[in-house]
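This report concerns only the one structure given below.
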Amino acid sequence: TDDDPGTDTPAGIMIAADQGGVVQAPSGETVMIGAGALPDDALVSIQRIAVDDLLARTGMAAPEPGILQTLAAFHLDLGEQSTSVPVQLAITLQDDSGVEAGDEVLFLRRGTAPDANGVMQGKWWLLDNGFVGTNAQGQLVARTASPPYNGVSGSGDLVLVKTRTN
């Protein structure tokens with residue numbers, strides 16, 4: 001999918017709830033939705049967010065850069081409602097320095113939570129883990145693994161990170 005009206009690539013793909021489907025961005029980010037996972041037919045899109053543009057695009061910086069290496073960022077739109085089961089994601093890495101096939105990664109979604117004074121603050125919420133492999137072109141790609149986590153089941157801005165230490 002593509003948000004550039006000057007291209008022929010559609011902004012989203014209509015996915016039939018009873019059939020499920022696969023949607024891929026031109027940059028390789030892919031969401032796979034199982035049959036029956038969507039409550040209703042939905043216009044689905046997935047779009048890369050350049051890691052360097054994360055703060056400008058989402059209003060939040062990459063989480064804990066001293067501890068976590070941000071490998072990729074993207075916006076997922078599954079429509080207004082959550083899926084009944086997690087979607088599966090395959091995300092091409094934007095930063096693959098020091099990353100190897102088999103490495104564990106974490107998928108985080110932008111959200112909010114109150115601080116000690118009750119003021120809402122932006123937070124990155126852990127949704128799923130995954131592992132790095134390669135795609136048919138030999139590029140490093142991270143794929144979700146849920147379980148043990150509940151997985152990704154709703155729209156939002158997401159980042160893919162790896163711990164900097166073991």
Side-chain angles (χ1 to χ4, degrees), residues 1 3 12-13 15 20-34 37-39 42-113 121-137 139-166:
T1 58
D3 61 356
I13 304 295
I15 300 296
V22 177
V23 176
Q24 185 176 48
S27 49
E29 294 78 8
T30 305
V31 57
M32 294 152 278
I33 304 164
L38 291 167
L43 188 65
V44 174
S45 66
I46 186 167
Q47 297 172 350
R48 173 177 283 192
I49 298 172
V51 171
D52 291 342
D53 295 339
L54 191 60
L55 178 60
R57 292 272 310 271
T58 69
M60 286 181 57
E64 301 299 328
I67 300 169
L68 301 172
Q69 177 184 357
T70 301
L71 307 175
F74 59 99
H75 180 79
L76 177 64
D77 188 347
L78 298 170
E80 296 296 318
Q81 298 179 327
S82 296
T83 59
S84 60
V85 295
V87 299
Q88 294 300 302
L89 298 166
I91 306 299
T92 305
L93 304 188
Q94 296 177 44
D95 176 5
D96 62 4
S97 57
V99 180
E100 297 178 6
D103 285 350
E104 183 176 21
V105 295
L106 302 172
F107 290 80
L108 311 175
R109 183 173 60 212
R110 183 175 58 90
T112 58
Q121 300 289 321
K123 302 288 179 195
W124 290 105
W125 293 98
L126 175 60
L127 298 182
D128 207 346
N129 72 325
F131 295 91
V132 175
T134 56
N135 63 14
Q137 293 77 37
Q139 297 171 307
L140 291 176
V141 174
R143 294 178 177 88
T144 50
S146 50
Y149 295 95
N150 291 332
V152 177
S153 59
S155 300
D157 296 321
L158 293 97
V159 294
L160 175 65
V161 299
K162 177 184 176 293
T163 59
R164 292 191 182 274
T165 59
N166 292 332

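These values consider heavy atoms only, across backbone and side chains, with no hydrogens, waters or symmetry-generated copies.
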Give, for atom [atom1] of [X] and atom [atom2] of [Y], the distance between the pair rounded to the nearest 0.5 Å.
X      : Y      : atom1 : atom2 : value
Leu93  : Leu71  : CG    : CG    : 5.5 Å
Ser45  : Leu78  : OG    : CG    : 8.5 Å
Gln69  : Glu64  : CD    : CD    : 15.0 Å
Ile49  : Thr70  : CD1   : OG1   : 12.0 Å
Leu68  : Trp124 : CG    : CH2   : 11.5 Å
Ser153 : Gln81  : OG    : CD    : 12.0 Å

So which heavy atom on [X] is nearest to which on [Y], and how close?
X      : Y      : result
Leu160 : Ala142 : CD2-CB, 3.4 Å
Gly111 : Met60  : O-SD, 4.2 Å
Ala25  : Ile46  : CB-O, 3.2 Å
Gly102 : Phe131 : O-CD2, 3.7 Å
Ala101 : Gly133 : CB-CA, 4.4 Å
Leu54  : Ala73  : CD1-CB, 3.8 Å

What residues, two or more places apart in sequence or in another chain, satisfy side chain to side chain donor-acceptor pair (under 3.5 Å) together with [X]?
X      : result
Arg110 : Asp157
Glu104 : Asn129
Thr30  : Gln24

Results of salt bridge (charged side-chain N to carboxylate O under 4.0 Å, His left out) for Arg48 - residues two or more places apart only: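 Salt bridge (charged side-chain N to carboxylate O under 4.0 Å, His left out) check on Arg48 returns Glu29.
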Only pairs at least two apart or in different chains count here, so list each salt bridge (Lys or Arg N to Asp or Glu O under 4.0 Å) that has a residue in residues 79-98.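 Listed by first then second residue: nothing to list.
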According to the salt bridge (Lys or Arg N to Asp or Glu O under 4.0 Å) rule, which pairs have a member within residues 82-94, sequence neighbours left out?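 Listed by first then second residue: nothing to list.
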Measure from the side-chain N and O atoms of Ser155 to the backbone N and O of Gly79, and report whether any donor-acceptor pair falls under 3.5 Å.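 Yes; at least one donor-acceptor contact below 3.5 Å.
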Any side-chain to backbone donor/acceptor pair from Asp128 onto Ser146? Under 3.5 Å, distance only.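 Judged by distance alone, yes, a pair lies under 3.5 Å.
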Could you check Val87, Val22, Ile13, Ile33 and say which one makes a side chain to side chain contact (heavy atoms under 4.5 Å, CB included) with Val44?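 Of the listed options, the one satisfying the test is Ile33.
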Passing option when Ile15 is tested against Val31, Leu43, Val23 for side chain to side chain contact (heavy atoms under 4.5 Å, CB included):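 Result for side chain to side chain contact (heavy atoms under 4.5 Å, CB included) with Ile15: Val23.
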Measuring only between side-chain heavy atoms, which start at C-beta, is Leu127 closer than 4.5 Å to Leu158?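 Counting from C-beta outward, Leu127 and Leu158 do come under 4.5 Å.
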Heavy-atom side-chain proximity of Gln88 to Thr144 below 4.5 angstrom: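 Sidechains of Thr144 and Gln88: in contact.
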Check step by step if side-chain contact (heavy atoms from CB on, under 4.5 Å) holds for Phe74 and Leu89. CA-CA 11 Å; Phe74 59 99; Leu89 298 166; 3.8 Å; yes
Counting only heavy atoms not in Asn150, do more than 12 sit closer than 6.0 Å to its CG atom?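 12 or below, so no.
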